[in-house]
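Have a look at the structure below, then the notes.
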Amino acid sequence: MATVKAIFNEYESMDGKQVSLSGWVRNHRPQKAFGFINLNDGSFFETIQVVYEEALENFETIKKINIGSALNITGKVVLTPNRNQPFEIKAEAVEIEGESNEDYPMQPKRHSREFLRKNAHLRPRTNLFTAVFRVRSILTHAIHTFFEERDFVHLASPIITASDAEGAGEMFKVTTLKPQDFKKDAPFQDDFFGKATNLTVSGQLQAEIFAQAFRNVYTFGPTFRAEASHTSTHASEFWMVEPEMAFCDLAEDMDNAEAFVRFLVKRILEKAPHEIDFLNKFVDKGLRAKLEKVIEADFVRMTHAKAVAVLKDANVTFENTPDPLGDLASEHEKYLVKHFDGPVFVTDWPKDTKAFYMRLNDDEKTVAAMDLIVPGSGELIGGSQREERLDVLKKRMKEMNVSEDELWWYLDLRKYGTTKHAGYGLGFDRMLMYVTGVANIRDVIPFPRTPNNCEF
RNA sequence: GCCUCAGUAGCUCAGCUGGUUAGAGCACUUGACUGUUAAUCAAGGGGUCCUAGGUUCGAAUCCUAGUUGAGGCGCCA
């Protein structure tokens, strides 16, 4: 069985060669004595044009084939240098593997993203989602390749956790109890794990454990947030890449993050040129230029204090006043990436805006944190140097109401050969938004989970 | 969670200052067409105008509530 991809690669030497193909009809234009079928077999972004003529014994049946039908085709490759496509397949046999009903919802025309979300079982067959999900697959492999080439050890951090200490957002409860089984005083005593358990919001704390053994490690897996977020960059279930490096400070952490983002972009440009062309043409006209610039230019790095100063100097009225002690609003992030025309690292954040484990700077007011903000996807990476000093860590946990008892093992790491170390979390789906130019996270996840939406 | 906007044919949308039987393009069905490229041309079928209530002689159109979706904000990746 030939594939469309293989034929596209070798058609010049295949004139007159017989091939067998199977795939799905993307478009069909029958005429009186012949017709054209655009077939996609899943191997390649492009469709292949199949021509069939009256001489075929089931010609009248073929003429009635609907879009979406699955076909088996035998025919000859014919070079057609003077037509819109360099070659086509002249059919010798067209067999219908699976018919498509006349009410097939996907038409050869533009559909709204909302409609396609409601038809998540059919949208992978559209050009846009063919491109997006192939890029998603390539991006997944590229992540493993980047770390594997640098001798990082991959670990699968647990999806069910007992700790809810991280404060990264609301968590989903995991329980086998029925509502009436919860006891008032000790609700989870009789539960499956004998304690309250949740779906993970981050694998970082477990990655820190492995980093103190393997030095450089990463996790890559699903994470869950039960926040009622209604935005284009939030999902209830999403994937995160979380490297963790021992003997590493914040600057080296950023070096790694920058190299990582650059590597991923480069890989996508190499491995998915047709998909990027399509996305550049129909989704985001500046996409290719933007990606090429990311490969070349160094990312801007500035402290939070400097960023606030830049915002104060800006000749723009913000709804939220830039606050040297506060978080950046998304309008601020948008201004910064536009102003610097590319990704921006913001470092050394006010300690009250960040999590307990981030390393306290010598000024005792800021922590060694970094966010990488990018156009379109907002905060793509959040990371920090971790607090390795036991006494300081304990003090921060007390200040922020984090239970020492629950995280005894995390504190143990600071007793037995503690090292300076750092890491970050990269939102995989946001990275995919960034490299595809797709504006909504629901359109880069095969079956997105958001508040009130768990179909499919 | 807060704010704003929207819901009319399978899809994309027009109609909305109230007024006969609710329209277009695409899709679908039938027919025409000897090279189409989201083919073209002709005809036909297809509607709980989101739901409930209200105002009115009369509501797709105005009002109220609900519901679903989208966008923005907050939270973060």
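Each chain gets a letter, A, B and so on, in the order the sequences are listed, and its residues count up from 1. Because the structure is predicted, anything quoted here is derived from the model rather than measured.
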Discussion item. Quick test of your reading of the model: are A/Asp327 and A/Lys354 salt-bridged, counting only N-O distances below 4.0 Å?
Written reply: no

Worksheet entry | Pair A/Asp41 + A/Lys5: basic N to acidic O under 4.0 Å | no

Examine [N]: is either OP1 or OP2 under 4.0 Å from a nitrogen or oxygen in the side chain of [X]? Give yes or no.
| X | N | value |
| --- | --- | --- |
| A/Asn127 | B/A38 | no |
| A/Ser232 | B/G72 | yes |
| A/Asn440 | B/G71 | yes |
| A/Arg110 | B/C26 | no |
| A/Arg430 | B/C76 | no |
| A/Ser202 | B/A77 | no |
| A/Arg123 | B/C11 | no |

Would you please say whether a donor-acceptor pair under 3.5 Å links the side chains of [X] and [Y]?
| X | Y | result |
| --- | --- | --- |
| A/Ser202 | A/Arg225 | no |
| A/Asn72 | A/Glu97 | yes |
| A/Thr47 | A/Asn40 | no |
| A/Glu208 | A/Tyr410 | yes |
| A/Tyr357 | A/Gln204 | yes |
| A/Asn66 | A/Asn101 | no |

Could you check how far [atom1] of [X] sits from [atom2] of [N], rounded to whole Å?
| X | N | atom1 | atom2 | result |
| --- | --- | --- | --- | --- |
| A/Arg29 | B/C28 | CZ | P | 13 Å |
| A/His234 | B/A77 | NE2 | C1' | 7 Å |
| A/Asn119 | B/G69 | CG | C1' | 14 Å |
| A/Lys334 | B/C76 | NZ | P | 16 Å |
| A/Leu380 | B/A77 | CG | C1' | 8 Å |
| A/Lys109 | B/C11 | NZ | P | 9 Å |
| A/Trp349 | B/A77 | CH2 | P | 10 Å |
| A/Gln107 | B/U12 | CD | C1' | 9 Å |

Would you measure the distance from the [atom1] atom in [N] across to the matching atom in [M] and give it in whole Å?
| N | M | atom1 | answer |
| --- | --- | --- | --- |
| B/C63 | B/G7 | P | 13 Å |
| B/U12 | B/A38 | C1' | 13 Å |
| B/U61 | B/U20 | P | 14 Å |
| B/G74 | B/U56 | P | 46 Å |

Partner of [N] by Watson-Crick or G-U wobble geometry, both contacts under 3.5 Å, or none?
| N | value |
| --- | --- |
| B/U20 | none |
| B/C62 | B/G54 |
| B/U34 | none |
| B/C2 | B/G72 |
| B/C11 | B/G25 |

Item to complete: May I ask you to establish whether A/Arg262 and A/Phe299 are in a cation-pi arrangement, using a distance under 6.0 Å from NZ or CZ to the six-membered ring centre and at most 45° from the ring axis?
Response: yes

Base, sugar-phosphate or nothing for [X]? Non-hydrogen atoms, less than 4.0 Å.
| X | value |
| --- | --- |
| A/Ile67 | nothing |
| A/Glu114 | sugar-phosphate |
| A/Arg26 | nothing |
| A/Ser112 | sugar-phosphate |
| A/Ala235 | base |
| A/Asn66 | sugar-phosphate |

Worksheet item: If each of A/Pro105 and A/Asn84 is mapped to the nucleotide of RNA chain B with the nearest heavy atom, which maps nearer the 5' terminus, i.e. the 5' end?
Response: A/Pro105

Item to complete: Could you pick out which residue, A/Met240 or A/Ala439, lies toward the 5' side of RNA chain B when each is mapped onto its nearest nucleotide?
Response: A/Ala439

Discussion item. Measuring from the side chain of A/Glu102 (C-beta onward, heavy atoms only), which nucleotide among B/C73, B/A70, B/U29 has the closest atom?
Written reply: B/U29

Worksheet item: Counting side-chain heavy atoms from CB outward, which of B/C75, B/G71, B/G1 is closest to A/Asp327?
Response: B/C75

Do [X] side-chain and [N] base share a donor-acceptor contact under 3.5 Å?
| X | N | value |
| --- | --- | --- |
| A/His230 | B/C73 | no |
| A/His111 | B/C11 | no |
| A/Arg225 | B/A77 | yes |
| A/Ser330 | B/C73 | no |

Under 3.5 Å, side-chain donor or acceptor atoms of residues 48-55 of chain A against the rest of the protein: list the pairs with distances, not counting sequence neighbours.
unit_1  : atom_1 : unit_2  : atom_2 : d
A/Gln49 : OE1    : A/Arg29 : NH2    : 3.1
A/Gln49 : NE2    : A/Glu88 : OE1    : 3.2
A/Tyr52 : OH     : A/His28 : NE2    : 2.6

Tabulate protein N/O versus nucleotide N/O from nucleotides 31-35 of chain B, keeping only pairs under 3.5 Å, one per line.
unit_1 : atom_1 : unit_2  : atom_2 : d
B/C33  : OP1    : A/Lys32 : NZ     : 3.2
B/C33  : OP2    : A/Lys32 : NZ     : 3.3
B/C33  : N4     : A/Lys32 : N      : 3.4
B/G35  : O2'    : A/Arg83 : NH1    : 3.1
B/G35  : N1     : A/Glu88 : OE2    : 2.7
B/G35  : N2     : A/Gln49 : NE2    : 3.3
B/G35  : N2     : A/Glu88 : OE1    : 2.4
B/G35  : N2     : A/Glu88 : OE2    : 3.1

